[in-house]
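Working notes, structure below.
Order of the sequence lines sets the chain letters (A, B, ...), proteins ahead of strands, with each chain counted from 1. The figures that follow rest on heavy atoms only: side chains count, while hydrogens, waters and symmetry mates do not.
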Number of protein chains: 2
Amino acid sequence: MTATPDAKPRGTRLPRMARRRQLLSAAQEVFVENGYHAAAMDEIAERAGVSKPVLYQHFPGKQELYLALLDLHVDDMITRCRDALASTTDNKQRVQAAIGAFFDFVSGQGEAFRLVFESDLRNVAQVRQRIERNLRESAEMISHVIQEDTGCSSDEARLLGVGLVGMAEVSARYWISSTGSIPKDAATQLMARLAWRGISGFPRTS
Amino acid sequence: MTATPDAKPRGTRLPRMARRRQLLSAAQEVFVENGYHAAAMDEIAERAGVSKPVLYQHFPGKQELYLALLDLHVDDMITRCRDALASTTDNKQRVQAAIGAFFDFVSGQGEAFRLVFESDLRNVAQVRQRIERNLRESAEMISHVIQEDTGCSSDEARLLGVGLVGMAEVSARYWISSTGSIPKDAATQLMARLAWRGISGFPRTS
DNA sequence: GGGCCATCCTACGCGCGGGTAACCAGGTCA
DNA sequence: TGACCTGGTTACCCGCGCGTAGGATGGCCC
């Protein structure tokens, strides 16, 4: 997705798959900058140094293009979360790793996280599905761990998982938007401590 | 905002302010159902039993109409949060009350929370501002409490506040969407316990 | 009753942007 | 060398939906 920051001589012919990757990359830039609605197919094509019909030879329509991109990043996020949970068997470390996954994801190339976390277009069912899949699957993985370890019902564990995901997602988005104040590691550890020990775990020290 | 579920004879003349309230109410319905972009001014007018120019006699444009509504509910959410924190001086109870505020807000009339939490139109600066104001002010209030009570720096306290708000917001939205499984009080208490004690506070009981 | 104001209506203009039709160019292979 | 396939271009169509011009109607005061 970081693909081809090449010179774009606007006359070059490209093999099909290379062009496709480049189009996806251009589309991501434009969708991230403007959101779905304010993004124009003309601009995506132009940014790729190509004319509009080329775009339509690779994707049947604007929405399908958007969905292709969204799928990519939803899968990415879910994978990061899964890997984080599988990286250790110590639950305290699991929390740290999973929260780190969210901070890494929002730091990822091109602010792609906006597609997953700030999409305009939730009203379209296909988009909503994918966004909810992200929340659902992440929370589900976490809730399994919770259920193995506590006496919670599965409904309760799911809600707890969603809460933790929400905490991680929102704080990571806030952290990246106010970049500079706190280094990533410190922020991750702070939120991990909150998740693990709760707010009462920050003792009155002063 | 629950205003006037009256019969709408489609010819009735209404005093200006009554009409305005009714238009806001109709607009909220449509914006919540479809989001900003898929909402048509024609439909808002029609749902209010009135023709389009009437709408434009009360609001200069679609965006201003949306903003008026958004302001209403952002203020509502912030007020609920402030009241919750002021309702007691015991911090454990404060957590409970504040989280309850989010659950109450998403239970509020007409799913208005979607305007604040799921708006398509974040790309428009004026909308983004208002949505961020909600997060910022809620988190700020919480972080003040945190700072009074711990040795955190103000940056850290703010991030913790944002995390807690995120937890409450996302879990409340999830709870309302999967309505039926858990009663509101139980859900609120569960999340309050998570916020207060952390996930490690749910002991291995089984 | 007749002017006047506030309220509401039936149309219509018009720009924007997604999607398409029709045509060009260069490399390869018989 | 000419058929053909791949990859690219310019120029256009057209529907949708915001916003408006211009006209009707009913109460109210003189």
Side-chain angles (χ1 to χ4, degrees), chain A residues 3-4 6-27 29-31 33-69 120-121 123-124 126-127, chain B residues 3-4 6-27 29-31 33-69 120-121 123-124 126-127:
Chain A
T4 54
D6 313 273
K8 295 162 186 170
R10 174 77 201 206
T12 349
R13 291 176 147 220
L14 244 54
R16 190 166 173 80
M17 282 306 151
R19 183 64 84 193
R20 183 191 163 91
R21 271 192 299 276
Q22 188 211 20
L23 289 174
L24 281 170
S25 166
E29 280 182 35
V30 177
F31 281 136
E33 274 173 33
N34 309 338
Y36 180 84
H37 291 100
M41 290 298 265
D42 298 78
E43 195 189 338
I44 294 174
E46 190 182 14
R47 182 139 348 174
V50 109
S51 75
K52 217 182 355 170
V54 174
L55 212 42
Y56 284 91
Q57 283 164 4
H58 289 262
F59 305 94
K62 189 183 184 184
Q63 188 169 305
E64 287 81 2
L65 173 56
Y66 188 82
L67 287 174
L69 235 29
D120 54 347
L121 211 64
N123 316 296
V124 173
Q126 291 172 310
V127 173
Chain B
T4 52
D6 312 274
K8 295 162 185 170
R10 173 78 202 205
T12 351
R13 285 162 92 112
L14 243 55
R16 190 168 175 78
M17 282 307 152
R19 182 65 82 192
R20 183 190 163 92
R21 271 192 299 275
Q22 186 211 21
L23 289 175
L24 280 170
S25 166
E29 282 183 34
V30 176
F31 282 137
E33 274 174 32
N34 308 340
Y36 179 84
H37 292 100
M41 291 297 266
D42 299 78
E43 194 188 339
I44 294 173
E46 190 182 14
R47 182 139 349 173
V50 110
S51 76
K52 217 176 4 166
V54 176
L55 211 43
Y56 284 90
Q57 284 164 3
H58 289 261
F59 306 93
K62 189 184 183 183
Q63 186 168 306
E64 287 80 2
L65 174 55
Y66 189 81
L67 286 173
L69 235 29
D120 52 347
L121 211 63
N123 316 295
V124 173
Q126 291 172 310
V127 173

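- Between B:Y56 atom OH and C:dA11 atom C1' there is a gap of 15 Å when expressed in whole angstrom units.
- With rounding to whole Å, B:H58 atom NE2 is found 16 Å from D:dT20 atom C1'.
- With sequence neighbours excluded, the residues that form a salt bridge (charged side-chain N to carboxylate O under 4.0 Å, His left out) with A:K52 are A:D42.
- Ranking C:dA21, D:dG19, C:dC9 by closeness to the B:V50 side chain, first place goes to C:dC9.
- Contact annotation for A:A38: no contact, since no heavy-atom pair falls under 4.0 Å across all strands.
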Pick out the pairs of N or O atoms, protein on one side and nucleotides 25-28 of chain D on the other, that lie under 3.5 Å.
| residue | atom | partner | partner atom | Å |
| --- | --- | --- | --- | --- |
| D:dT25 | O2 | B:R13 | NH1 | 3.0 |

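- Near DNA chain D, meaning a heavy atom under 4.0 Å from it, residues 60-68 of chain A has no residue at all.
- As a whole-Å value, the separation of A:D42 CG from C:dG15 P is 17 Å.
- At D:dG8, one or more side-chain N or O atoms of A:R19 fall inside 4.0 Å of OP1 or OP2 (strictly under the cut-off).
- One atom, CE of A:M41, and another, P of D:dC14, lie 20 Å apart when rounded to the nearest Å.
- Here C:dT20 presents its P atom at 15 Å from CZ of A:F59, a figure rounded to the nearest Å.
- Relative ring orientation between A:F31 and A:Y36 is described as parallel, the plane-to-plane angle staying below 30° on a 0-90° scale split at 30° and 60°.
- Between the CG atom of A:L55 and the P atom of D:dG8 there is a distance of 12 Å, rounded to whole Å.
- Taking for each of B:K52 and A:Q57 the nucleotide of DNA chain C with the nearest heavy atom, the 5'-most of the two is the partner of B:K52.
- Rounded to whole Å, the distance from CD on B:Q22 to P on C:dT7 is 14 Å.
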